[in-house]
Amino acid sequence: MHRIFVSDIHLSDDTPDIEAAFIALLKKEFPFDSLVLLGDVFEAWVGDDDDAPLAERIRLALRALSDAGTEVLFSRGNRDFMLGELFASDIGGTLLADQTVLDVAGQPTLLLHGDILCTDDVDYQQFRQLVHSSEWQAEMMSKSLDERRELARQLRSMSIDAASNKPEDIMDVNQDAVVSVMRDADVAVMVHGHTHRPDRHQHDTGERIVLGDWTAQAGWLLREQGSQLSLERFSIG
Ligand code: MN
């Protein structure tokens, strides 16, 4: 198995170089068996019916990858939490549950975006509960794309969304949450992103691998090749 995990690419109309680096990575690594997108690939996602050029370009790139035989799995992040089943079918991929256990390098491994581990940010956890509810999402989807785009702009400018992508503005994980989430999932390995603090940590419960965010200078990926896992930083631009 040759699998690549990425998260926190934060694609938007303001990030053409990072978008080019993402497309280039898919081409450079091909052929590989599996791509796992662990949330916040998009800086914002207003709904799977989004017909904006950026959404179309990424759909096409991922569809080409899955058509060529690479499995594409993705989860929602705290920014692209409106990603859904229509996007999955558009790209020939699979939407993962917020917490998914998958065999990675021979070990049951918990995959998640990571925002639920930041339990010290009480305001955000309340916000998350609201916007993940089916009622709230249904109400959003009843609005026009233009209305949703305006709401997304407002959300991004609200402090509750930690408008900046700087790591010092994003809380780190709560250690008790890490231990309890790993225990509940009955795993000794966990992979997440979100905190923009790429590293490999040892906890009482096992290893926690944190993906990095992509900037104009560098991107991050986790590579599973056979029984090996490597957290890799690569230059952009
Ligand atoms: Mn995030």
Side-chain angles (χ1 to χ4, degrees), residues 4-15 18-19 21-22 35-48 50 54-55 58 62 73-84 87 95-100 109-133 136-137 140 151-175 177-178 181 190-201 208-222 231 233 236:
I4 290 169
F5 299 82
V6 295
S7 72
D8 303 284
I9 307 177
H10 293 282
L11 293 172
S12 76
D13 288 331
D14 303 328
T15 58
I18 297 175
E19 183 182 341
F22 177 55
L35 175 70
V36 180
L37 307 167
L38 275 185
D40 287 358
V41 164
F42 299 97
E43 175 72 359
W45 189 256
V46 295
D48 289 352
D50 191 0
L54 169 71
I58 301 303
L62 294 174
L73 311 176
F74 67 98
S75 66
R76 301 178 174 115
N78 57 297
R79 293 178 175 275
D80 50 13
F81 57 86
M82 297 280 289
L83 283 170
F87 182 75
L95 172 63
L96 300 174
D98 285 351
Q99 296 184 48
T100 297
T109 299
L110 180 63
L111 310 178
L112 68 171
H113 178 59
D115 51 326
I116 63 153
L117 301 170
C118 302
T119 51
D120 296 331
D121 193 345
V122 175
D123 288 345
Y124 170 69
Q125 294 301 334
Q126 283 175 356
F127 168 79
R128 184 183 194 280
Q129 206 166 13
L130 172 70
V131 300
H132 279 249
S133 70
W136 192 91
Q137 295 220 349
M140 267 302 264
L151 279 167
R153 265 190 291 276
Q154 289 171 15
L155 270 183
R156 283 165 73 185
S157 65
M158 282 166 63
S159 58
I160 200 163
D161 191 39
S164 154
N165 278 326
K166 295 196 299 282
E168 56 266 33
D169 293 333
I170 300 170
M171 280 197 196
D172 203 356
V173 298
N174 175 289
Q175 298 298 317
V178 167
V181 162
M190 171 161 84
V191 179
H192 71 82
H194 179 63
T195 59
H196 302 188
R197 292 171 172 87
D199 208 344
R200 299 180 73 159
H201 302 271
R208 179 170 65 95
I209 303 172
V210 187
L211 294 163
D213 58 310
W214 293 34
T215 67
Q217 287 77 43
W220 288 86
L221 63 84
L222 176 70
L231 183 61
R233 179 188 187 275
I236 290 178

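Basis for what follows: all heavy atoms, side chains included, without hydrogens, waters or symmetry-related copies. Whatever order the structure lists ligands and atoms in, that order sets their numbers, starting from 1.
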**Q.** Full working for side chain to side chain contact (heavy atoms under 4.5 Å, CB included) between L37 and V6
**A.** CA-CA 5 Å; L37 307 167; V6 295; 3.4 Å; yes

Q) Any idea which N/O/S atom from D40 gets closest to the Mn ion (ligand 1)? A) OD2

Q.
Given 3.5 Å as the limit, does a donor-acceptor pair link the side chain of H113 with the main chain of L38, or not?
A. yes

Q) Would a 4.5 Å heavy-atom cut-off, applied to side chains only, mark R208 and V173 as touching? A) yes

Q) From the Mn ion (ligand 1) out to just under 2.8 Å, does an N/O/S atom of N78 turn up? A) yes

Q: To the nearest 10 degrees, could you say what angle the Mn ion (ligand 1) makes with NE2 of H113 and ND1 of H194?
A: 90°

Q. Is there a side-chain contact between L62 and F74, using heavy atoms and a 4.5 Å cut-off?
A. no

Q. Mind checking whether the Mn ion (ligand 1) has an N, O or S of D8 under 2.8 Å?
A. no

